[in-house]
Number of protein chains: 2
Amino acid sequence: MENVRNMFQLLSRNFGLLNEQCCDNCCGQDISLVQSHILYEINRQHHPSMQEIAGALGMDITTFSRQVKTLVDKGLVKKTPHPADNRINILSLTPEGLGIENNINVTVNAQLNGVLSTMSEFERETVIRSIKLLNDSMQKSASCCIPPK
Amino acid sequence: MENVRNMFQLLSRNFGLLNEQCCDNCCGQDISLVQSHILYEINRQHHPSMQEIAGALGMDITTFSRQVKTLVDKGLVKKTPHPADNRINILSLTPEGLGIENNINVTVNAQLNGVLSTMSEFERETVIRSIKLLNDSMQKSASCCIPPK
DNA sequence: GTCTTAAATTTGCAAATTACAAGTAATGAT
DNA sequence: ATCATTACTTGTAATTTGCAAATTTAAGAC
């Protein structure tokens, strides 16, 4: 049996490094890695509440609350009270926040495409399909990859 | 063109969650995620110095120094002065440290194999081969995944 | 051998990040 | 109206982080 963990450990480290470098370099602002994950997830979801984003990222809600606060202070995120329930805050990116998120997105994609460009067309497609497959399986698996609640 | 980043962002998050959960659950000790990366890398390399591990992980050397100190205090890591150069400390796992590293390894592997078990034999092999390929490409790529130094 | 320079690692410190517990405010149930 | 619950925010204290400055040891110049 393969040692699957080795591969994932390396992959996650490599991607972590890439991601962090991109955060530092591609946008004028200082965006930490967690903050980039928050921007990413707000952009991805549809009118998400605080809990939804914190839950998706597996972050403690109090830590999340503060991080959102600093993103709001930076002018990248907006909190809008839910019309039907004032306890709930709907999160969205400001135009500036969206700009930065896109910026990061473009930069990371460029880096990744650089990496993939060393492969043959066939390999590249296989790799992409594999990762999709893997993500699907992980989402389905109840035993892991689910934030602790 | 695919949005490659999306997939990687999800993958790295999923694996991060899995990894963190494993750190919490599988060994009696409290091991943080960074500490598990340190244990992993010390185990992987051959008589590594502090700088070599810190470099491989892309960690600031001062942060690393302190983390190693706590691992030494926990009795999981040993520092041995290099015989030919006393400035250098060679890092190694104590038997206890090795035990924990193995423990994490087994646990993470079990989780990952659980995820992979939902796939067909062919898919599973493809996925594993793809990740290997990807890691190789990332290591080769000078533009990213290289600690800032 | 002494002196200067460089390398490997460690501390001082101050800022950022984290999480538990306790708080506030809004909603829902009865 | 009252009580429990939900969504979120603070208080506070511990941990983590990284820059600058020290420390220790080694290597090279003379």
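A, B, ... follow the sequence lines: proteins, then strands. Residue 1 opens every chain.
Counting only N and O atoms by type, the side chains of B:S32 and B:Q67 include no donor and acceptor under 3.5 Å apart.
When rounded to the nearest whole Å, the span between CG of A:D30 and P of D:dG18 equals 13 Å. Distance, A:I61 CD1 to D:dT10 P: 13 Å, rounded to whole Å. Put simply, CG on B:N89 is 14 Å from P on D:dT24, counting in whole angstrom units. A:M59 places its CE atom 13 Å from the C1' atom of C:dA16, with the value rounded to the nearest Å. Taking atom CD of residue B:E20 and atom C1' of nucleotide D:dT15, one finds them 14 Å apart after rounding to whole Å.
At a non-hydrogen distance threshold of 4.0 Å, A:S49, A:M50, A:Q51 from residues 46-53 of chain A come into contact with DNA chain D. Near DNA chain C, meaning a heavy atom under 4.0 Å away, the residues from residues 64-74 of chain A are A:R66, A:Q67.
If you chain together ILVMFWY residues whose side-chain heavy atoms come under 4.5 Å of each other, B:I88 ends up grouped with B:I90.
Phosphate proximity of D:dA7 to A:K79: absent, as no side-chain N or O sits under 4.0 Å from OP1 or OP2. For C:dA19, the OP1/OP2 oxygens have a side-chain nitrogen or oxygen of A:T63 closer than 4.0 Å.
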What side-chain donor-acceptor pairs closer than 3.5 Å can you find for residues 47-57 of chain B, not counting sequence neighbours?
residue : atom : partner : partner atom : Å
B:S49   : OG   : B:E52   : N            : 3.3
B:S49   : OG   : B:E52   : OE1          : 3.4
B:E52   : OE1  : B:S49   : N            : 2.7

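Qualifying ring-ring contact (aromatic ring centres under 6.0 Å, His included) partners for A:Y40, counting only residues two or more places apart in sequence or in other chains: none.
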Please list, for nucleotides 27-30 of chain C, all pairs of protein and nucleotide N/O atoms separated by less than 3.5 Å.
residue : atom : partner : partner atom : Å
C:dT27  : OP1  : A:N86   : N            : 3.0

